[in-house]
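By convention in this document, chain letters (A, B, ...) are assigned in the order of the sequence lines, proteins followed by strands, and residues within each chain are numbered from 1. Scope of the values below: all heavy atoms of this structure, side chains included, with no hydrogens, waters or symmetry mates.
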2 protein chains.
Amino acid sequence: MSDQSIQRDLKKGSAELLILSLLEAGPRHGYEISKLIETRSSGAVSFRVASLYPLLYRLEDRGLLQGRWVEKTGQRRRRYYRLTPAGRKMLVQRRLGWTAFVEAIRDITETEYA
Amino acid sequence: MSDQSIQRDLKKGSAELLILSLLEAGPRHGYEISKLIETRSSGAVSFRVASLYPLLYRLEDRGLLQGRWVEKTGQRRRRYYRLTPAGRKMLVQRRLGWTAFVEAIRDITETEYA
DNA sequence: GGACATATATCGTTTAACAATATATGTCGA
DNA sequence: TCGACATATATTGTTAAACGATATATGTCC
């Protein structure tokens with residue numbers, strides 16, 4: 001397992017939390033979400049389009065997001081997503097789950113020599 | 001994506017860190033590692049045997065662990081694994097990578113209303 | 001008009017955790 | 001003695017999420 005695939009696997013469980021969090025403050029479109037993830041993490045984390053767009057579709061299918069096409073002159077068409085009430089509830093759950101998981105990893109991995 | 005599969009995916013990138021960490025202090029066998037993960041995390045994290053044993057084989061194949069069969073009367077045979085020098089180096093990398101990842105997630109997801 | 005950022009779409013590949021199942025031994029109580 | 005349970009390792013096939021690659025299309029800037 002390369003460092004790269006570790007990074008890939010690390011992302012698997014956290015992607016949903018990332019998207020929901022970024023939509024908490026208001027609607028955003030896919031490309032914007034992608035760039036936010038990169039810039040806020042200083043490049044440490046990024047999602048490829050072949051991961052991000054299907055993830056948005058899944059979240060919409062599950063009723064956590066609602067998408068809306070917006071077309072303006074001088075811009076490519078964009079699909080803006082906003083959190084549904086169910087999405088907000090799930091965000092709360094995902095934050096709790098992530099915190100608990102990080103704590104569990106710390107409990108397991110902290111050195112015994114400390 | 002169910003809560004259960006999220007938990008599954010969360011584990012994907014962290015399993016290697018867990019194993020390497022638990023072998024830092026000395027050799028352990030697979031079943032022991034499995035129980036340690038459960039007890040130290042108070043049941044929050046556990047790996048099934050169909051995940052754990054193949055992972056140990058992969059780590060040994062990659063030269064990060066070295067396994068040794070130990071048979072004692074009054075006990076089932078056990079395979080004890082210890083960290084190789086390469087495994088210790090990898091452990092350092094995995095700790096750094098995990099910390100960086102957790103920080104990145106925090107940077108991306110922290111609420112904008114704070 | 002050429003390079004690059006913006007913006008979305010999708011096929012096929014990879015791979016790690018797991019459910020299920022199997023084998024085998026030791027312990028403890030009824 | 002027999003059944004239940006913990007200990008201990010092994011393996012087959014399934015599932016699902018990120019990604020590489022590729023595609024389409026528009027806006028900007030030199």
Student: Can you find a side-chain donor-acceptor pair between A:Ser46 and A:Arg48 that sits under 3.5 Å?
Tutor: yes
Student: It should be established whether B:Tyr31 places a side-chain nitrogen or oxygen under 4.0 Å from OP1 or OP2 of nucleotide D:dT9.
Tutor: no
Student: Within the structure, does a side-chain N or O atom of B:Arg78 lie under 4.0 Å from either OP1 or OP2 of D:dT9?
Tutor: no
Student: Can you check the B:Leu10 CG to C:dC18 P distance for me, whole Å?
Tutor: 11 Å
Student: Of the listed nucleotides (C:dT8, C:dA20, D:dA17), which one gets closest to any side-chain atom of A:Val49?
Tutor: C:dT8
Student: For the side chain of B:Arg48, starting at C-beta, report the closest nucleotide among D:dA18, C:dA19, D:dA17.
Tutor: C:dA19
Student: Can you tell whether the side chains of A:Asp9 and A:Lys12 come within less than 4.0 Å, N to carboxylate O?
Tutor: yes
Student: Reckon B:Glu32 touches a base, only the sugar-phosphate, or nothing at all at heavy-atom distances under 4.0 Å?
Tutor: nothing
Student: Once you round it to whole Å, what is the distance between C1' of C:dA5 and NE2 of A:His29?
Tutor: 12 Å
Student: Going by an N to O cut-off under 4.0 Å, is there a salt bridge joining B:Glu32 and B:Arg79?
Tutor: no
Student: How long is the span from the CG atom in A:Leu64 to the CZ atom in A:Arg94, to the nearest 0.5 Å?
Tutor: 8.0 Å
Student: Kindly point out which of D:dT7, D:dT9, D:dA17 is positioned nearest to the side chain of B:Lys35?
Tutor: D:dT7
Student: Across the strands shown, which category fits B:Tyr80 at heavy-atom distances under 4.0 angstrom: base, sugar-phosphate, nothing?
Tutor: nothing
Student: Please report, rounded to the nearest Å, how far the C1' atom of D:dA25 is from the OH atom of A:Tyr53.
Tutor: 13 Å
Student: How many whole angstroms separate atom CZ of B:Arg62 from atom P of C:dA16?
Tutor: 8 Å
Student: With a cut-off of less than 4.0 Å, is there a side-chain N or O of B:Ser51 near OP1 or OP2 of C:dC18?
Tutor: yes
Student: Round to a whole Å and report the spacing from CH2 of B:Trp69 to C1' of C:dT25.
Tutor: 13 Å
Student: Given atom CD of B:Glu60 and atom P of D:dT9, what is their separation to the nearest angstrom?
Tutor: 12 Å
Student: Picking from D:dA17, D:dT9, C:dC18, which would you name as closest to the side chain of B:Arg8?
Tutor: C:dC18
Student: If you find the nucleotide of DNA chain D closest to A:Glu16 and the one closest to A:Thr73, which residue's nucleotide is nearer the 5' end?
Tutor: A:Glu16
Student: A:Arg76 CZ to C:dC4 P: how many Å, rounded?
Tutor: 20 Å
Student: Any salt bridge between B:Arg62 and B:Glu16, counting N to O under 4.0 Å?
Tutor: yes
Student: I'd like to know if B:Arg95 and B:Glu24 make a salt bridge, using a cut-off of under 4.0 Å between side-chain N and carboxylate O.
Tutor: yes
Student: Taking the minimum atom-to-atom distance to the side chain of A:Ala50, which one of C:dA17, D:dA6, C:dC11 wins?
Tutor: C:dC11
Student: Report the distance from atom OH of A:Tyr57 to atom C1' of C:dT8, rounded to the nearest whole Å.
Tutor: 6 Å
Student: As a test of reading the structure: which of D:dT9, C:dA9, D:dA17 is closest to the side chain of B:Asp9, going by heavy atoms?
Tutor: D:dA17
Student: Categorize A:Lys12 for me: base, sugar-phosphate, or nothing, with a 4.0 angstrom heavy-atom threshold over every strand shown.
Tutor: base
